[in-house]
Each structure stands twice: as C-alpha cells, then as structure tokens.
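What follows is a single structure, written as structure tokens, with notes after it.
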Amino acid sequence: MKMSKLLAPTLRENPAEAEVVSHQLLMRAGYIRRLASGIYNYLPLMWRVMKKVETIVREEMDRAGAQELLMPILQPADIWQESGRWEVYGKELIRLKDRHDRDCVLGPTHEEVITTIAKNEIHSYRQLPVNLYQIQNKYRDEIRPRFGLLRGREFIMKDAYSFHSSEADLDREYYVMADTYKRIFERCGLETRMVRSDSGAIGGDVSHEFMVLTQTHSGECDVYYCNACDYAANSNRAESILPDALTDGSDLFPKEAEVETPNCPDIESLAKFLKAPASLICKALLYIKDETEPFLVLIRGDLEAEHIKVQNAVGAHEIRMATAEEIQKYTGSEKGYIGIGNAPVSLKIVFDNSVVGLKHFIIASNKPHYHLVGFDWYGALSDLQENHTHDLKLARIGDTCPECKTGKLEMTRGIEVGNIFKLGDKYSKKMGANYSTEDGQELPFLMGCYGIGISRTAASAVERHHDENGIMWPIPIAPYHVVVVPVNVSDETQSTMATEVYEGLKAVGVEVVMDDRDERAGVKFKDADLLGFPIRVTAGKKAVDGLLEVKLRSEKDPKDIPAGEVVTWVQAQIKAACGAVELAHV
C-alpha cells in the first residue's frame, strides 16, 4: 500500500471529546471517526486491526472445538419475554417496533437466540457437548457512551455458548475456554489477568473477566490482586480480610447512652468528637431499590459499601443513594444521623459482615445531632443478621488476601476484554430447552457463555502500548507490519532502494506501506510513530553505501543494515513476535 493512497486522515491535536488515550490516539491517527455519540466508523487501518483480532479469535476458538455460526442482530421480543429479560434488562436494551407493530430488540447479547437454536436442533445427550460461537455487532443504549471504543452503543463482539449434560462437563469446558482466552490475548500482544467478577444481566453463579492491566489511570475499573498468590478480582467481587482494629468499645463506652453530637454529619468529625476510632462506628446508609423500596445498609465506619455488592444482596435491578428529601420521608432524620435507634421498623436492613462483631459501639440514634454510644446488638436485630449479612465492603489496598491469607492486596486499573460465565440452566429451564438423557428423561441443558470484545481488545492494545508520540501496535494485530520511508522521494538512489525493499517485503507476505509522499522526513517520521507501525525502514543518506536504517517502534535507537539483509531481518522480527503462527496467518 502506498501512503499517498491510504485513507488515514491524521489530526495534530486531540479531539475535545476524547477522554482516554486509546480514544485520543485512534482519532488522531485516523483509525476511527465519530458518527454519533457512542457510534464510530472504522476507517481502513482500524478495520485491518479488527480483522487481525478476529482471525486470532477464530483460529483459537476453532482449535478448541467450537463451531462458528451467525445469528440475527434483530430479535423478536417474545424470546426475551420468555427468558424474563424483557422486563429486567433495563434501558440499555434498544427496543423498537416493526411495521406490523411487533416488538423487537437490537441484540446486546444472544442468550435467547442460541437457546432457541438448541431447543429446536439439539435433542439428545449424544449431541452434547457442543460449543457455538459468532462474531457479530452488538447494541446497547448506554446512558453515557464514553472512552471511544471502550464503551459505545454499537460494538463488535465474539460470543460463544456451550451446552452440556453435566456440571462436570460444563466445568471442563469453562476452563478450556479460559485457556483459549489466555492464548488469544497473548497472541494479540496483551497481558491479561483472569479475575473474579459479577455476572450482571447475563446471569449465572460463576464468572470471570479477563482484564488488561493498564498500570495507568485510564482503565475502566479497579482490579485487586494479591502480591503473594494468583488471587484477583474486580472491585465488585473482591473480598478481603480486614486488619486488626478496635471493634469492642467496652472500655470507652461501658454503658449504652444517647449523647449529643452537634455538627458531626460524617465519620471523620464524629470520630474526632467522640475520641473513638472509625472502626467502632456503625454507619447506616439509606438506599432506594428500583425506585420504590427504601432499605438500610449497616457497615463499619472505616469502610465503604461497594455498589454492585449491595445491589446483588437485595436482588435489585438498580439502586441509588437516597436524597435528603427521601431520608426525611423514610427515617425522619437527616444525612449523617441515620441510624436504628428510632428507625421505622418497616425499613429493610442488610448488614455488612464487618458490623456483626461490633460491641459497645457507636451508631446514630436516627435523631439529628444525636448518637448512641455503648450500643450492642440484641433481640430482633441479632435475629436479622442471620439471614441478612453479606460481604458488602469495598476492598482496600493493604487488606489481607482472602485466598492465601498471607499476601496483601494491591490495586491497579483494568479494562475488560473478555468474560466467561457458567449460566447453568437459567435460560434453558425458562425457555423449555431440554435434551433426552440416556434413560429417557427430559432435562434442561446446562450452559456456559464466553464473550470477547473485538473492538475493546483493539482499543485496549492502544491503552497498553503507546508513548508520547503515538500508538505502538503489537506486531500480530498491527494494520501493517512495516512502513518504508524514502527520506527524499526525488533522490533516485533512495527511491529505488525503498521500492526494492518494499517489493521484497510484499513478495514474502509482509504487510508493508511505503510513504511515497513528497513530504519532509520529519512529517513522515511523526506520522509513522503516530500510526504505530511496528517496524520502520528508512532509505536516507546512507543509501548510496547500500545501507538502510531499521527501527522497531518499541525501541529508541535505529540501526543500519545492508539493504540485502532487511527482508530477512524483518521476517525474523515478525516470527519472534508471533511465535509459532505462520506468517501468512498474521
């Protein structure tokens, strides 16, 4: 490809709406262009990257025994109603009516469709197990599309679904897919971590995410990991063992009493006023479940409640903190003084496990500017804890690992590029998708679900591999492997040598661009760095001596190589980066 013919409209400044590095660089380098909020055109260079990622995904999924199919984007509402997700999925589900006034959706995912296929086409245990996958556009009406390709309303995804007759076989396939995902992301040049995660709207009891650890502030979510073992979880699933803290206030507050606590609406001011540690305070937070039901969360004062953990604990589709008006309406109190001393008995209460062991502690009396000290659990409150206690806390850096119980948790930012779920019979049971067992019983399929964000993977590679000059594509997914730059296109020696190496690279299957533009060398070099081509070959002043300058994008210094050795040198770099994968597949 000649640069003069390549549609890669570069920008010199970051677009105002671009918030994260991948969004900025993909826009600046002419890889994507915004059509509407959360909707992007993939220009030629980006589409080449996407096809590279898709090829790697297909090769590894096929290698694992999965079969590719293609399912419709437009889906009838009745299968969503049958699964129960029509009502519960939320506003992210893009709903529409066709000309016959029938309800339809643009598929954000395909559990209902694939379950319908299994219901109609798989009838016997002899046909199991089977794993079916597709690469398809998906649609979600995000309330706030952001971060470019990391959170859009339209995106490209590989989703796979497996069907089984036993838990043991589902477990086997789950870890086959986990190993497959590790190979996929390694081949894409991405270091990932398999972390425990929340299943969200997909459902299922067990799920993991594959996160690219960005080691910057640009990731989507916090990932907690142990510095001594393999434990890792995102913030909404991370557990931890708390360090020792004062949780028995018998010496400070031997008897229960109500005390005036003026102007102490937060934990810090209250702890200072009462001369007690925050770990001895039980704070109460008022939430609203699904816009209808208020409930209280009780958690230790030195901890924070994790939103998704709380949402799952109460079985809500969505939750939010109560407003000042709602606090007054439901408790008669005000922010900072919500408690259980005089709370309405109708309020549902859920407990974080950190408060169960508190003794002679501090809690608001549900009356402005007053707290109870020396309080203890008793009666109905103790009984409630038996069935309403959960891990609701947000893990903290430095907490002890819950798995090895010796290491300490550390935290970094991560971007989700893949996920795997054990769905069990959540969809098959509701939708009547059954198979016949060896003894003639009809049982629902056990299902697994496995997704990879194709567009997210490409964007994550930019988040992980870039510098101040632009993108640094890993060789296996780069749009082109090499850019050949004649410094002066009017110089016959430079131009001839550049053309010869360009044609030589093409002849052996290397994907190469020649910057044949009549531009200053500095402009060409800047564009080559911005676009992120992994290898640059330059025909400059030393061309008269038969030497070409070669430079890896990931390295600072170039080196001079005789022109006749360049093709072999480039092939060696590509082979080293792609492992055992044949050059023709890269």
Subject >> NZ/NE/NH1/NH2 to OD/OE distance under 4.0 Å, Lys526 and Asp529 >> reply: no
Original post:
For Leu190 and Ala461, which heavy atoms make the closest approach, and how far apart are they?
Top reply: CD2-CA, 3.6 Å
Subject >> Contact check, side chains of Leu242 and Leu303, non-hydrogen atoms, under 4.5 Å >> reply: yes
Subject >> Close side-chain approach of Phe210 to Ile452, heavy-atom, < 4.5 Å >> reply: no
Original post:
Under the side chain to side chain donor-acceptor pair (under 3.5 Å) criterion, do Thr180 and Glu60 qualify, and how do the steps go?
Top reply: CA-CA 6 Å; Thr180 298; Glu60 293 299 337; 5.8 Å; no
**OP:** Any chance you could measure Asn469, atom CG, to Leu531, atom CG, to the nearest 0.5 Å?
**Re:** 12.5 Å
Original post:
Got more than 12 heavy atoms from elsewhere within 6.0 Å of CD, Glu304?
Top reply: no
Original post:
Nearest 0.5 Å, what's the CD1-CD distance between Ile535 and Gln573?
Top reply: 5.5 Å
Subject >> From Leu106, Asp141, Val105, Thr109, residue fulfilling side-chain contact (heavy atoms from CB on, under 4.5 Å) relative to Leu93 >> reply: Val105
**OP:** For the pair Glu54 and Lys51, find out whether any cationic side-chain nitrogen is under 4.0 Å from an anionic carboxylate oxygen.
**Re:** yes
**OP:** Establish, for the pair Arg140 and Phe155, whether the NZ or CZ atom is under 6.0 angstrom from the six-membered ring centre and no further than 45 degrees off its axis.
**Re:** no
Subject >> Nearest heavy-atom neighbours spanning Val49 and Ala478 >> reply: CG2-C, 4.5 Å
Original post:
Could you give the distance from CG (Asp527) to CG (Asp515), rounded to the nearest 0.5 Å?
Top reply: 7.0 Å
Subject >> Derivation of the side chain to side chain donor-acceptor pair (under 3.5 Å) call for Asn137 and Glu154 >> reply: CA-CA 7 Å; Asn137 285 39; Glu154 179 181 24; 2.9 Å; yes
Original post:
Side chains of Arg193 and Thr412: does their closest heavy-atom pair fall under 4.5 Å?
Top reply: no
**OP:** Return the minimal non-hydrogen interatomic distance between Cys401 and Ile241, and the atom names on each side.
**Re:** O-CD1, 3.7 Å
Original post:
How long is the span from the OG atom in Ser240 to the NZ atom in Lys408, to the nearest 0.5 Å?
Top reply: 10.0 Å
Original post:
Less than 6.0 Å separating the ring centroids of His23 and Tyr40?
Top reply: yes
Original post:
Ignoring hydrogens and geometry, is there a side-chain-to-backbone donor-acceptor pair from Asp516 to Lys2 under 3.5 Å?
Top reply: no
Original post:
Can Arg85 and Glu111 be counted as an ion pair, charged N to O under 4.0 angstrom?
Top reply: yes
Original post:
If you draw a 6.0 Å radius around CG in Leu70, do more than 12 non-hydrogen atoms from other residues or ligands fall strictly inside?
Top reply: yes
**OP:** Can you see which heavy atom on Lys524 is nearest to which on Glu519, and at what distance?
**Re:** CE-O, 3.6 Å
Original post:
Does the distance from a Lys or Arg side-chain N to an Asp or Glu carboxylate O, for Arg237 and Asp222, drop under 4.0 Å?
Top reply: no
Subject >> Tyr174/His208 under side chain to side chain donor-acceptor pair (under 3.5 Å): CA gap, chis, key distance, verdict >> reply: CA-CA 10 Å; Tyr174 191 82; His208 288 81; 2.8 Å; yes
**OP:** Please answer whether the main-chain N or O of Ile56 pairs with a side-chain N or O of Lys52 as donor and acceptor at a distance below 3.5 Å.
**Re:** no
Subject >> Nearest-0.5 Å distance that lies between atom OH in Tyr133 and atom CG in Asp62 >> reply: 3.5 Å
Subject >> Electrostatic pair Lys309:Asp391 at N-O distance under 4.0 angstrom >> reply: yes
Subject >> Pair Asp545 + Lys542: basic N to acidic O under 4.0 Å >> reply: no
Subject >> Side-chain touch Leu213/Glu191, heavy atoms, less than 4.5 angstrom >> reply: no
Original post:
Does a sphere of radius 6.0 Å around CZ in Arg33 hold more than 12 heavy atoms from other residues, nucleotides or ligands, not counting ones at 6.0 Å or beyond?
Top reply: yes
Original post:
So, are Arg48 and Glu511 salt-bridged, with charged N and O less than 4.0 Å apart?
Top reply: yes
Original post:
Can you check whether Leu505 reaches His481 side chain to side chain, under 4.5 Å on heavy atoms?
Top reply: no
Original post:
Taking all atoms of both residues into account, what is the closest heavy-atom pair of Gln494 and Asn488, and its distance?
Top reply: OE1-N, 2.8 Å
Original post:
Would you say Tyr224's side chain and Ala395's backbone share a donor-acceptor pair under 3.5 angstrom?
Top reply: yes
**OP:** Report yes if some heavy atom in the side chain of Asp169 is under 4.5 Å from a heavy atom in the side chain of Glu173; otherwise report no.
**Re:** no
**OP:** Name the orientation class of the two ring planes belonging to Phe533 and Tyr480 (parallel below 30°, tilted from 30 to 60°, perpendicular beyond 60°).
**Re:** perpendicular
Original post:
Taking side chain as C-beta onward, heavy atoms only, is Arg456 less than 4.5 Å from Glu416?
Top reply: yes
Original post:
For Glu209, which of Thr192, Asn234, Ile420 qualifies under side-chain contact (heavy atoms from CB on, under 4.5 Å)?
Top reply: Asn234
Original post:
Hey, what do you get for CH2 (Trp569) to CD1 (Ile574), rounding to the nearest 0.5 Å?
Top reply: 9.5 Å
**OP:** State, to 0.1 Å, how close His164 and Arg172 come at their nearest heavy-atom pair, and which atoms those are.
**Re:** CE1-NH2, 4.2 Å
Original post:
Are Asp171 and Lys422 ion-paired here, with the side-chain N under 4.0 Å from a carboxylate O?
Top reply: yes
Subject >> Minimum side-chain heavy-atom gap Arg153-Ile94 below 4.5 Å >> reply: no
**OP:** Give the C-alpha distance, both sets of side-chain angles, the deciding distance and a yes or no for side-chain contact (heavy atoms from CB on, under 4.5 Å) between Thr538 and Lys551.
**Re:** CA-CA 8 Å; Thr538 303; Lys551 181 180 179 298; over 6 Å; no
